[in-house]
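Worksheet for the structure shown next.
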Amino acid sequence: MAEALLEVSRLSRRFGAVDALKEVDFNVTAGEVHALIGPNGAGKTTFIHHVSGALQPDSGRIRFAGHDVTALSMHRRVSAGMARSYQITNIFPGLSALDNVALAVQGRNDAGSSFRFWRPVGREAALFDEAKGYLEQVGLQDKGGAAAGMLSHGEQRALELAMVLATRPKLLLLDEPMAGTGPEESARMVELIEQLARRVTILLVEHDMAAVFRLADRISVLVNGQLICTGTPDEVRNDAAVRRAYLGDHL
Amino acid sequence: MALYRAAPWQKPLSLALLLAALALPTALSALDQAFYIGFATRVLIFALAASSLNLVLGFGGMVSLGHAAFLGAGAYVAAICQQAGINEALIAFPLAMSVAGLFALVVGAVSLRTRGVYFIMITLAFAQMAYYLFVSARSWGGDDGLPLNGRMTLGGLPLASDDALFYAALLALVAAMALFGRLVDARFGRVLQAIRENETRMEALGYPVFRFRLVAFVLGGMVAGLAGALLANLTGLASPNLLQWTQSGTLLVMVIIGGVGYLYGGVVGAVILLMLEETLVGFTAHWHIVLGLLLLAVVLFAPRGVAALFGPARSDEHG
Ligand SMILES: Nc1ncnc2c1ncn2[C@@H]1O[C@H](COP(=O)(O)OP(=O)(O)O)[C@@H](O)[C@H]1O
Ligand SMILES: [Mg+2]
């Protein structure tokens, strides 16, 4: 088996009386699209929060690209090559779409220090040229000047993806990228993720089963904070426990 | 909010105002109103202090209720310098900025780990602690404050005349506004504003949010320290009252009236508030009531501050 880009071992987290994650062992192989599915409230978003560093676990380790990142803050994990989108779109609504992406480009290690106090960013054509490229990749090339908050829901999802891409991640953490988008926008998003999958490793949380089974190389199933199964789409489809717990009525 | 962008007329207008300011002492003397030069200097100094708070509050989104502590620290450093025989502003002022900046570094390093009301309370608590420290410091005059024996020199030139101090304050304000004006358009300023808009997203884009905030907080503290050192020269006294929370509140009111997050918000607010005070004090001892009404009017009719009324200083597009 190829080397694991992300290795999560025995990750646990309680919220009061709720065991949101229970001893989760999980890994993402470099190059794959690994889908994480499970019913509402299963702990998928919580899991992404822990992988990205937004939350700290009660116990367990997280290794990324060969390093233990359990104690690293979110921004350090981003520098190390993780980037995430949020279940609820997380952008800068008051800023132009182009500025949203330009900030993402500027934040990258190789873009140079942001502790620059004198030179107007307007003169840094490279930042904006690159940002335009990412807008184009997600089909927003004509919306660069619009305030991000004025874009349609689907466009905002796409914008967030452009920002995530602009960080040039090794691992993409996508939390329900299709949530709340119409069928056309969903189809676009699936296509986009399919293209991205050729270049970058993806951990995909998604409710849209058609999309999951089309995109995923492997699928893991989380129920009540416990990982009950990991395997190829066919293995997961035919797993008795999965059928009992979750998929029965979907497939 | 969008990223700050100067309105096209802002540069010519500020240059015109600068020319007017340069001519002000001469004009006032010619009109036999030289008394007002001191008042104008006070306005410049508070414009500087309020602008430094606007960097922290308006561009950084950090609601500090302890900013006057840095103003006061700067004033005391100036007075203590003089007591120690250092009468040269080129030494005393950078020292005042450094001490105020170090103080801001400590306050920021602690308080910036909290958010919202906690941040407000911790900045307030630090400022009050500093206030009581100076009140109880006998060798620095206790609650009487520490007086200066005349004004300092700047590069050997005496600041004794009101005109000289006015120009020194003007120079400081122009330098600070030039820096802030560049800064908000540079990488650092854009990051700072984006953090104000969405802290989580910035962290998730790989920015060390805490560090950016802290640098802005320290920079704001340093400029407030400079204002304090100038103020001590103007009034001839470093008083613990400068560190009081009411003083922080006054700076906050200036920024809110002038325009939170507008480059000249602090300047506009300082001019309005101090002119109002100067005028109303002559008519009624209850000028604070009028001030309250003014605040109410600003909140109702110009919720983004007076500076926001003058044209589209914000834009949603990148030029
Ligand atoms: N910050 C929190 N505080 C308390 N409980 C939480 C918190 N975040 C999530 N939970 C709980 O943890 C469980 C998992 O939630 P979540 O990760 O959002 O599920 P999913 O994304 O799979 O729908 C739910 O029961 C939810 O109510
Ligand atoms: Mg979720």
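The basis for the numbers below is simple: all heavy atoms, side chains too, and nothing from hydrogens, waters or symmetry mates. So you know, we letter chains A, B, ... as the sequences are listed, proteins then strands, and number each from 1.
Of residues 251-258 of chain B, not one residue has a non-hydrogen atom less than 4.5 Å from any non-hydrogen atom of chain A. Within residues 199-215 of chain B, the residues approaching chain A closer than 4.5 Å by heavy atoms are, in numerical order, B:Thr200, B:Arg201, B:Met202, B:Glu203, B:Ala204, B:Leu205, B:Gly206, B:Tyr207, B:Pro208, B:Arg211, B:Phe212, B:Val215. Residues of residues 162-176 of chain A that come closer than 4.5 Å to chain B, counting heavy atoms only, are A:Met163, A:Val164, A:Thr167, ordered by residue number.
One distance of note links CG of A:Leu103 with CD of B:Glu197; it measures 10.5 Å at 0.5 Å rounding. One distance of note links CZ of A:Phe92 with CD of B:Gln193; it measures 11.5 Å at 0.5 Å rounding.
Counting heavy-atom neighbours within 6.0 Å of B:Tyr118 OH, excluding the residue itself, gives a total of 12 or less. Heavy atoms from other residues, nucleotides or ligands lying under 6.0 Å from CZ of A:Arg108 number more than 12. When the shell of 6.0 Å around CG of B:Leu15 is examined, it contains more than 12 heavy atoms from other residues, nucleotides or ligands. Other residues, nucleotides and ligands contribute over 12 non-hydrogen atoms within 6.0 Å of the NE2 atom of A:His153.
The shortest side-chain heavy-atom distance between A:Arg116 and B:Phe188 does not fall under the 4.5 Å cut-off. Annotation: side chain of A:Trp118 is in contact with side chain of B:Leu179 (closest heavy-atom distance under 4.5 Å).
Interface residue A:Leu127: only side-chain heavy atoms are found under 4.5 Å from chain B. At a 4.5 Å heavy-atom cutoff, A:Arg77 makes no contact with chain B through either its backbone or its side chain.
Between B:Arg182 and A:Pro120, the closest heavy-atom pair is NH2-CD, 3.3 Å.
Of the charged side-chain nitrogens involved, none lies within less than 4.0 Å of a carboxylate oxygen, so that B:Asp185 and A:Arg119 do not count as a salt-bridged pair.
In this view, A:Ser152 and A:Glu155, A:Glu185 satisfy the side-chain contact (heavy atoms from CB on, under 4.5 Å) rule, not counting sequence neighbours.
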Run the numbers on B:Leu3 and A:Asp99 for side-chain contact (heavy atoms from CB on, under 4.5 Å), then give the verdict.
CA-CA 9 Å; B:Leu3 295 174; A:Asp99 277 335; 3.5 Å; yes

